[in-house]
*Asks:* 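Okay, handing you the structure first.
Chain naming here is simple, since letters A, B, ... match the order of the sequence lines and numbering starts at 1 in each. All heavy atoms count here, side chains included; hydrogens, waters and symmetry mates do not.
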There are 2 protein chains.
Amino acid sequence: MVRSSPTVRKVADHAGVSIATVSRVTRRPDLVASDTRERVERAISELGYRPSHFGQALVDRRHSAIGVVFPGLSGPYYYDVIQGFEAEAIAARLSVLILGTHHVRNDEQVLDMATRVDGIAVLGGTASEETIRTLARQGMPLALLAQHPVDDVPAVRVDNYAAMYDLTSHLLDTHGYESIVFLGDPTNSPDLTDRWNGLVAAHRARRRTPPAEPIKIGIDQPNGLKTVARLLASTNSPRAIVCANDETALGAYAAAAAAGVRIPEDLALTGFDDIPMAGLVSPGLTTVSQPMRELGACVAQILLAQIRGDRPIPPDVILATTLLIRGSCGCRDGPNSPT
Amino acid sequence: MVRSSPTVRKVADHAGVSIATVSRVTRRPDLVASDTRERVERAISELGYRPSHFGQALVDRRHSAIGVVFPGLSGPYYYDVIQGFEAEAIAARLSVLILGTHHVRNDEQVLDMATRVDGIAVLGGTASEETIRTLARQGMPLALLAQHPVDDVPAVRVDNYAAMYDLTSHLLDTHGYESIVFLGDPTNSPDLTDRWNGLVAAHRARRRTPPAEPIKIGIDQPNGLKTVARLLASTNSPRAIVCANDETALGAYAAAAAAGVRIPEDLALTGFDDIPMAGLVSPGLTTVSQPMRELGACVAQILLAQIRGDRPIPPDVILATTLLIRGSCGCRDGPNSPT
DNA sequence: TTGAAAGCGATACCAT
DNA sequence: ATGGTATCGCTTTCAA
């Protein structure tokens with residue numbers, strides 16, 4: 001069957017008016033006499049007419065849509081960011097196109113998306129700098145999320161380096177761990193690269209020896225569980241593990257439970273993000289809270305500002321993080337009981 | 001700044017040819033003399049030209065894109081489904097538009113998406129039947145995922161009722177539980193409605209009294225944890241809980257661990273979906289495995305078939321599930337140790 | 001208040 | 001092999 005949603009012309013015929021009048025009814029109803037308008041509106045609802053976006057886009061030379069490129073679509077972190085992004089977009093009456101690259105760079109799809117939207121938010125590591133520059137050169141409004149600015153392309157992020165420096169310092173100073181294992185693969189992830197560097201720097205500042213390498217794993221529950229289970233079974237299993245995010249740490253909780261290893265007595269554990277589960281497990285997960293919804297909202301606003309033509313655009317917005325000390329690092333747990 | 005990605009005209013001027021020739025180079029390069037072609041190709045890459053989708057869409061009267069509407073974007077279930085869906089779409093050279101409705105019906109956004117794509121897959125409960133009928137009447141290719149067919153709109157799903165009937169029967173017969181609590185809110189979710197009905201029917205078939213109501217909660221880890229923590233603290237806490245999906249069950253594991261309740265000795269637990277974590281926790285989670293990737297792929301294929309105009313379209317595809325008995329129901333756990 | 005017509009970007013038919 | 005031009009759906013300017 002051929003797609004045949006009604007067009008302006010069909011509605012115009014149905015209502016016995018010109019296509020110009022139909023268009024006016026949908027865009028500037030005040031310009032149309034009320035009886036004519038009623039007739040047209042009836043035709044519109046009878047036929048279920050909606051102006052085709054490509055017709056409008058062609059005239060307006062904009063798509064009334066913005067896009068966001070994510071490495072994955074799984075997990076609470078992305079979910080909150082998308083929510084913040086969408087809320088801003090909807091308030092501005094724009095549609096949102098989401099592209100999940102599944103943790104592989106996919107420049108072709110990003111360029112394709114670029115022909116369907118008025119602006120694109122790129123999450124750290126999902127598009128090459130070359131692609132970003134190509135789009136920027138064409139005047140495509142862009143905003144980077146969770147990565148450093150590229151040339152004149154603005155970025156929104158948190159200071160992952162400082163946050164991880166502080167968190168590591170807490171483990172090193174307050175709890176006296178000698179050296180702390182880092183779980184998570186910084187490859188292609190500016191966020192994780194900064195976190196790893198923060199951990200290394202905190203060691204160096206105290207003349208401690210940081211681990212030679214991060215343990216490069218995908219940052220989700222299954223990988224956290226499997227890897228920590230393996231570590232706990234090895235001869236010199238670590239006393240303290242810094243996980244690159246909360247979900248990896250949650251996997252570590254399961255591994256510890258299975259191995260009969262107590263947190264924090266036998267193993268100190270920390271996460272990053274402060275997802276809803278982090279405060280509910282027991283002991284509570286010591287982590288760094290990021291304003292995820294705000295990150296998404298802010299990057300959308302920066303896109304909108306560019307589309308509107310506002311100037312200047314803030315080139316590098318850094319939102320604040322909070323170190324959240326709960327029980328998993330060895331501190332006494334706060335009153336965040338699961339209820 | 002005004003968006004100004006290069007158009008056919010700019011490229012044509014740059015290369016000193018007509019716009020028709022530029023179009024030929026991108027669509028039927030064999031029709032263009034090699035030296036002209038080279039000149040045009042150089043102009044294209046210098047200007048970073050990509051044919052605008054709305055121009056093409058206008059002529060072709062199709063968008064070269066298909067859409068998928070999801071209740072949420074969080075969690076392994078949706079992730080796998082999307083992966084399967086995207087793989088098919090990419091193979092057919094179509095872009096994918098994803099719409100997350102965040103567990104509220106959002107007909108307006110679905111109708112908006114309809115003006116940007118050639119076909120839409122709707123996941124159970126994300127669009128009203130009225131909207132589905134409206135789109136179907138206009139000839140929009142549609143496919144339903146995880147819900148029953150609506151009129152002539154085809155559906156792809158698993159037999160949730162039968163799967164839950166079998167799972168509940170196992171708990172009732174093999175492990176002898178009297179009555180089993182169901183965790184999850186069936187409202188607006190055809191999938192969960194079928195699961196709840198399956199649990200009730202399995203009770204009735206044995207003249208047992210099913211619970212009067214499901215415990216209506218969102219089916220994620222935090223809700224699972226909080227709710228089970230509350231149940232375990234109550235006076236007659238349940239001996240067996242059927243969770244509407246695995247993530248809810250994973251939250252229940254954390255609640256049990258915190259309360260010192262042993263699984264399965266003190267509390268039997270089951271899930272649904274068989275996400276990666278289900279086989280890794282200890283004891284392994286007894287659950288029902290769904291072919292999630294295949295569900296996504298199949299629904300995409302049905303969309304593609306409609307777009308191509310194939311006939312007939314299978315009206316109701318039901319994919320097989322597998323009952324996965326692990327340790328959390330009380331059976332002896334298999335050899336799925338976390339390694 | 002309404003209609004006729006130009007034009008947005010790309011394609012494909014018809015000429016040349 | 002290449003160019004001119006009508007066309008897709010819609011909006012908007014200009015006339016009436």
Side-chain angles (χ1 to χ4, degrees), chain A residues 2-41 43-44 47-65 112 114-118 138-140, chain B residues 2-41 43-44 47-65 112 114-118 138-140:
Chain A
V2 174
R3 282 283 290 112
S4 63
S5 47
T7 71
V8 249
R9 232 165 299 268
K10 254 176 244 155
V11 177
D13 291 350
H14 202 78
V17 296
S18 74
I19 59 169
T21 300
V22 175
S23 181
R24 274 185 211 108
V25 170
T26 60
R27 304 278 279 211
R28 307 282 317 271
D30 52 304
L31 296 180
V32 181
S34 58
D35 55 335
T36 315
R37 183 171 54 215
E38 265 177 41
R39 208 148 29 97
V40 173
E41 277 165 352
I44 286 178
L47 273 60
Y49 167 75
R50 292 210 131 213
S52 135
H53 261 299
F54 56 55
Q56 294 187 321
L58 201 50
V59 175
D60 298 344
R61 302 211 276 161
R62 49 199 195 80
H63 299 269
S64 300
D112 188 272
T115 70
R116 297 176 185 271
V117 298
D118 306 317
Q138 291 172 13
M140 167 65 67
Chain B
V2 174
R3 281 282 290 116
S4 62
S5 46
T7 71
V8 248
R9 232 166 299 270
K10 256 177 240 152
V11 177
D13 291 350
H14 201 78
V17 296
S18 74
I19 60 168
T21 299
V22 175
S23 181
R24 271 184 217 111
V25 170
T26 60
R27 304 278 281 210
R28 306 281 318 270
D30 52 302
L31 296 181
V32 181
S34 58
D35 54 335
T36 315
R37 185 171 53 214
E38 266 175 40
R39 206 148 30 95
V40 173
E41 277 165 352
I44 286 177
L47 274 59
Y49 167 76
R50 293 209 131 214
S52 133
H53 262 300
F54 55 55
Q56 294 187 322
L58 200 50
V59 174
D60 297 345
R61 303 212 271 165
R62 49 199 197 81
H63 299 270
S64 300
D112 187 275
T115 70
R116 299 176 183 273
V117 298
D118 305 318
Q138 291 171 13
M140 167 66 67

*Asks:* For the side chain of B:V17, starting at C-beta, report the closest nucleotide among C:dA5, D:dG3, C:dC8.
*Replies:*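 Nearest to the side chain of B:V17 among the choices is D:dG3.
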*Asks:* Please determine if a side-chain N or O atom of A:R61 lies less than 4.0 Å away from the OP1 or OP2 oxygen of C:dC8.
*Replies:*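 It does not, given that no N or O in the side chain of A:R61 lies less than 4.0 Å from OP1 or OP2 of C:dC8.
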*Asks:* When you get a sec, tell me which of C:dA10, C:dA4, D:dG9 is the closest nucleotide to the side chain of B:V59?
*Replies:*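 Comparing C:dA10, C:dA4, D:dG9 against the side chain of B:V59, the answer is C:dA10.
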*Asks:* Using only modelled atom types and a 3.5 angstrom limit, is any donor from either the side chain of A:R24 or the base of C:dG3 paired with an acceptor on the other?
*Replies:*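 Answer is yes: a donor-acceptor pair is held.
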*Asks:* Return the value, rounded to whole Å, for the distance between atom CZ of B:R50 and atom C1' of C:dA10.
*Replies:*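 About 15 Å, once rounded to whole Å.
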*Asks:* Measure NE2/B:H63 against P/C:dG9 and give the value in whole Å, please.
*Replies:*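 To the nearest whole Å, that distance equals 18 Å.
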*Asks:* Side-chain N or O of A:Y49 versus OP1/OP2 of D:dG9: is the shortest distance under 4.0 Å?
*Replies:*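 False: A:Y49 side-chain N/O out of range (4.0 Å or more) of D:dG9 OP1/OP2.
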*Asks:* Starting at atom CZ of A:R116, determine the distance to atom P of C:dA10, rounded to an integer number of angstrom.
*Replies:*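 Checked: the CZ to P distance equals 14 Å.
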*Asks:* To the nearest Å, how far apart are B:I19 CD1 and C:dG7 P?
*Replies:*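 These atoms are roughly 14 Å apart.
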*Asks:* Would you please confirm or rule out a distance under 4.0 Å between OP1 or OP2 of C:dG3 and any side-chain N or O of A:T21?
*Replies:*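 Answer is yes, contact under 4.0 Å.
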*Asks:* What's the closest nucleotide to the side chain of B:A33 if the choices are D:dT11, C:dA10, D:dT2?
*Replies:*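 From the listed options, D:dT2 comes nearest.
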*Asks:* Quick one: is C:dT11 close enough that its OP1 or OP2 comes under 4.0 Å of any side-chain N or O from B:T26?
*Replies:*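 Yes, because at least one side-chain N or O of B:T26 sits under 4.0 Å from OP1 or OP2 of C:dT11.
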*Asks:* Show me the pairs that pass salt bridge (charged side-chain N to carboxylate O under 4.0 Å, His left out) and involve residues 17-27 of chain B, at least two apart or across chains.
*Replies:*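 For residues 17-27 of chain B, and leaving out neighbouring residues, the salt bridge (charged side-chain N to carboxylate O under 4.0 Å, His left out) pairs sorted by first residue read B:R27-B:D60.
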*Asks:* Counting just side-chain N and O atoms, does A:S52 come under 4.0 Å of either OP1 or OP2 of D:dG9?
*Replies:*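 No, outside the criterion.
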*Asks:* Less than 4.5 Å apart, any side-chain heavy atom of A:V22 and any of A:R9?
*Replies:*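 Counting from C-beta outward, A:V22 and A:R9 never come under 4.5 Å.
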*Asks:* Take the protein atom CG of A:L31 and the nucleotide atom C1' of C:dG3, then report the distance between them rounded to whole Å.
*Replies:*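 Value for this atom pair: 14 Å.
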*Asks:* Using whole Å, what does the distance between atom P of nucleotide C:dT11 and atom CD of B:Q56 come to?
*Replies:*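 Checked: the CD to P distance equals 4 Å.
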